[in-house]
Amino acid sequence: MSPRDRARAPLLAAIPAALFVYFLTLVPTISDGSTVEGSVEWIPLLDVALSFRIDGLSLIFGLLITGVGALVVVYASAYLDRDVPRARFFSFLLLFMGSMLGLVLADDLIALFVFWELTSITSFALIGFEHRKVSARDAARQALLVTGAGGLALLAGLVLLAVVSDTTTLSGLAAPGAIEATDRLVVAAFLLVALGALTKSAQMPFHFWLPGAMAAPTPVSAYLHSATMVKAGVYLLARLQPALGEVELWTPLLATAGGVTMVLAVVLALRESDLKRVLAYSTISALGTLVFLIGLGEPAALKAAMVFLVAHALYKAALFMVAGAVDHETGTRDVTSLGGLRTVMPLTAAAAALAALSKAGLPPALGFLGKETVFAATVEGETAVLLSAAFLVTAILTFALAALTGLRPFTGALKPTPRAAHEAPASLWAPPLVLAVLGVVAGIAGPWLAGPLFEPAVSASVGGAASVKLSFWPGVGSVLWLSVAAIGLGAVASVEVERLRRVASGVPLTPASDVYERSLDGVNALARLQTRRLQNGHLSRYVAIVVLTVVALTAVQLIVRDAAVWPDGWNDVRLIELAVGALVLGAGFAAAIARSRLRAVLALGAAGYGVALLFVLFGAPDLAMTQVLVETLTVILVVAVFRHLPVTAPRTSSGSRVRHAVLASAVGLMMTALTWSVLAARGDRELSEFFLEASRPLAEGRNVVNTILVDFRALDTLGEIAVLAIAAIGVIALLRLRPHGDEVNS
Amino acid sequence: MNSIVLQAATRFLITLLLLFAVFLLIRGHNEPGGGFIAGLVVASAIALYALTCGMSAARTLMPLDPTILLGTGLAVALVSAVPGIIESGAPLDGVWGEVPLPGDRGVKLGSPLLFDLGVFFTVVGSAVTVLLSLSEEA
């Protein structure tokens, strides 16, 4: 990494920055209630297109992805060590950015799914970026398995939705009447989609991959695992609320999952002391709040979700970047061994303080408006007490976490750290400072932002026109008292945070990751077991398994469909046919009882020649010629193989000989029954007649067998000769890879 | 096998067998035969030669390495798909034309013949590859 490269890396930020400006120019259009659409044909046969549609919801996500993205690129260019392969890192990061943008802009269900999976894959690559560390690899795999499993469920859910609604676009799904909420298939689709969203957005009990994902470099944590990717599930739920919100399970499932996650995760966050892990659990809690709000589904709740979403993205990304800067300059992220850094890192401290202000929900930051709107959403309805209490607890403990992560490392006496602390370079303190300042400015400007920015987003997730107003003064009422309680008790909690941390550590919670570990072990054990049983390295075992499977499957079908028939026309059998049949049978029997390999092979050859004779008798010279030549070559090849085998005869017990004979007979009987039933089913000889008649006019040939091979079914033949070639190459590979010399005996 | 008679006969037979294979290949579209059978005949001829005159002699008999022959065969078969694409948009669709010969006669040639030639080369290549590698690796 030359200094020039180092200076050039931030230039990459121009890409997301330009996109950010583009999205900004769209704000007036979108706030007028119109949308921006574009589409490229992809798989027209399946009605799948790369269609994109920007409405208020997409726009808010697009602004976050590109805005935070630009800052993260600048930040990462200073954060990464010199010996880190930057090209790889930034490729993955920008690839993720593109996928995430595609995800929030896509209107087509399949395109959405593809982008969804791309974000999982790029996240995998970024978590496992330091791939020489076992912990990073494990964390990457864990994240991929959890979100990947959810992705599969999502695919099934989206396909179901497309089938029941007869549309493949999100806008089509949201149209009134496209979906019948009581349809059982719709309910199933909802459950599958919810599984995808809950795993992606790290909701309990699937949350454990997110703290693990902290193995990624800090810019990745700030970007993917707080501001953008983990919000994909939230985005999807908000997007589908108009279509699926009427499903009876919507509120019970999502509000419960989100509510439980938001409270428990904040308790878990208190147990951690690594800054990044504290922030990770607090992110899970915030995601829980968002899922909880979307689960409530009321316009007030969706409004709260949008405001809280933006507030959280701004302050959490800033706090992650601050944690990274602190780690970078002091060599530790342990919150208990940090303190007093404000004197040596004043600008980082300023960013942290402003971000903490928003996180704590204090005015005038956007976090305050977020908290107010959430309270406004929870005080309505029958379950108001429960919902408000749950969020009150969350808000109080979040306040304490804000103090823990944003203030504590910077206040008090300067503590000694592994590296002598000094202020981070500008590209490390400026991005979080910009975000944190934005969080406060957006708060102050909140009442003016409500119309152009939040209103279209809320309308999109409500599925109709919504009016959004924001103000700092909620009026005297329960929201005000709840807010006062949250701030007052939050202040107390942040003073008593050590006591809280001790209490939280005492809460008995079984890590869900244990279940993950155990099921992973189970899969491995199952794989080992079936490998030991089915693939034990003995060729005869493999052949037996393949053959038995084929016989069993065919026999079941023949019996179930009652297709096995006893052919008629026995009187037409000629004596010579019987004689050849007897010859084939006799040869087969001789092969079964033969005491030497050579004898067995010769007997098999005789059986083959007998079959060739049958072909001659039934007027198929091409088949007969092929059969004779193949039999000849087979015998020669098998004899050539013998040179590689031990001279002594195989020591097969009579028991195994009987088993093999029974197996072989079963195959023969099955094939006979199959042939009979196929011939009986094709009573009319339409196909044969077609080829006989069409061979000359269509394929310019009189030899029907050949015209089928090279013209009518030429593609099949192409496939077959390709297989032949692959088999020959396989033989070479097997012989070359064969162990030599002493290894043979060992 | 050190049988002088067989060796002498083989040297004579192999020419006939190879000619017979070409005959089968060309007439295959209208009479019994075709690329697959022709390929097997050539493979059998080479197997016979290898058994009587030895493996190294058989290998020198082949003008090309059998693996190259195998790849060539697949390539030829693939190329034969092109005329169909150009003519009717359907790969492997048969395209025929007549080459005029002196004296009011002509011979019909078509892309299926090229395809059959590809099959022929692939079969010869595969069978001889397997035969030689099994016999030479001791």
Side-chain angles (χ1 to χ4, degrees), chain A residues 616 619-644 695-696 698-736 738 740, chain B residues 24 27-44 47-48 50-51 55 66-67 70-71 73-74 77-78 80-81 84 91-96 108 110-123 125-138:
Chain A
V616 172
D622 285 272
L623 294 188
M625 283 163 86
T626 313
Q627 179 76 22
V628 167
L629 289 163
V630 166
E631 285 303 334
T632 311
L633 274 176
T634 308
V635 170
I636 293 174
L637 288 181
V638 172
V639 172
V641 170
F642 283 172
R643 301 182 45 198
H644 301 279
S695 181
R696 240 191 110 69
L698 288 185
E700 313 263 348
R702 285 195 303 274
N703 180 355
V704 180
V705 175
N706 188 258
T707 55
I708 291 176
L709 279 177
V710 301
D711 200 316
F712 293 112
R713 295 263 182 270
L715 193 62
D716 293 358
T717 311
L718 190 62
E720 282 154 17
I721 58 175
V723 169
L724 203 61
I726 292 165
I729 294 165
V731 169
I732 297 179
L734 277 176
L735 289 173
R736 294 260 162 88
R738 208 173 50 127
H740 288 281
Chain B
L24 282 173
R27 76 167 201 160
H29 213 55
N30 292 320
E31 307 289 334
F36 198 84
I37 294 173
L40 289 175
V41 169
V42 172
S44 313
L48 177 67
L51 285 177
M55 286 302 152
T67 50
L70 187 156
L74 275 183
L78 268 179
S80 81
L92 292 170
D93 200 19
V95 176
W96 290 89
K108 272 175 135 183
S111 62
L113 185 65
L114 196 62
F115 183 77
D116 227 5
L117 196 67
V119 174
F120 170 73
F121 283 143
T122 313
V123 170
S126 308
V128 176
T129 300
V130 174
L131 180 78
L132 290 185
S133 38
L134 277 177
S135 316
E136 282 174 350
E137 294 274 329

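Small disclaimer: the values here were computed from a predicted structure and weren't measured. Throughout, a chain's letter reflects where its sequence line sits, starting with A, and its residues are numbered from 1. Hydrogens, waters and symmetry mates play no part in the numbers below; they use all other heavy atoms, side chains included.
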Output all residues satisfying side chain to side chain contact (heavy atoms under 4.5 Å, CB included) with A:I721, sequence neighbours left out; order by chain, then residue number.
-> A:L718, B:L74, B:A77, B:V119, B:T122
Contacts of B:R27 that satisfy salt bridge (charged side-chain N to carboxylate O under 4.0 Å, His left out) - sequence neighbours left out | none
Contacting moiety of A:T632, where chain B heavy atoms sit under 4.5 Å = neither
What closest approach, in Å, do B:V130 and A:A728 show between heavy atoms, and which atom pair accounts for it?
-> CG2-CA, 3.9 Å
Heavy-atom closest pair, residues A:T626 and A:D622 = OG1-O, 2.7 Å
For A:L637 and B:L134, which heavy atoms make the closest approach, and how far apart are they?
-> O-CD1, 4.1 Å
Using a cut-off of under 4.5 Å on heavy-atom pairs, state which of B:L48, B:T129, B:D93, B:D116 scores highest against chain A.
-> B:D116
Pick one of side chain, backbone, both or neither for A:L715, based on which atoms fall under 4.5 Å of a heavy atom in chain B.
-> both
Of all of A:P621, A:A727, A:A725, which one pairs up most often with chain B through heavy atoms under 4.5 Å apart?
-> A:A725
Top contributor to chain A contacts, counting heavy-atom pairs under 4.5 Å, from B:S80, B:G73, B:G33, B:A50 | B:G33
Between B:V128 and B:A43, what is the shortest heavy-atom contact and its length?
-> CG2-CA, 4.4 Å
Pick one of side chain, backbone, both or neither for B:I37, based on which atoms fall under 4.5 Å of a heavy atom in chain A.
-> both
Of the listed B:G28, B:A47, B:A127, B:G94, the one with the largest count of heavy-atom pairs under 4.5 Å with chain A is B:G28
Per-residue tally against chain A (heavy atom, under 4.5 Å) across B:G110, B:P66, B:S44, B:G34 peaks at B:S44
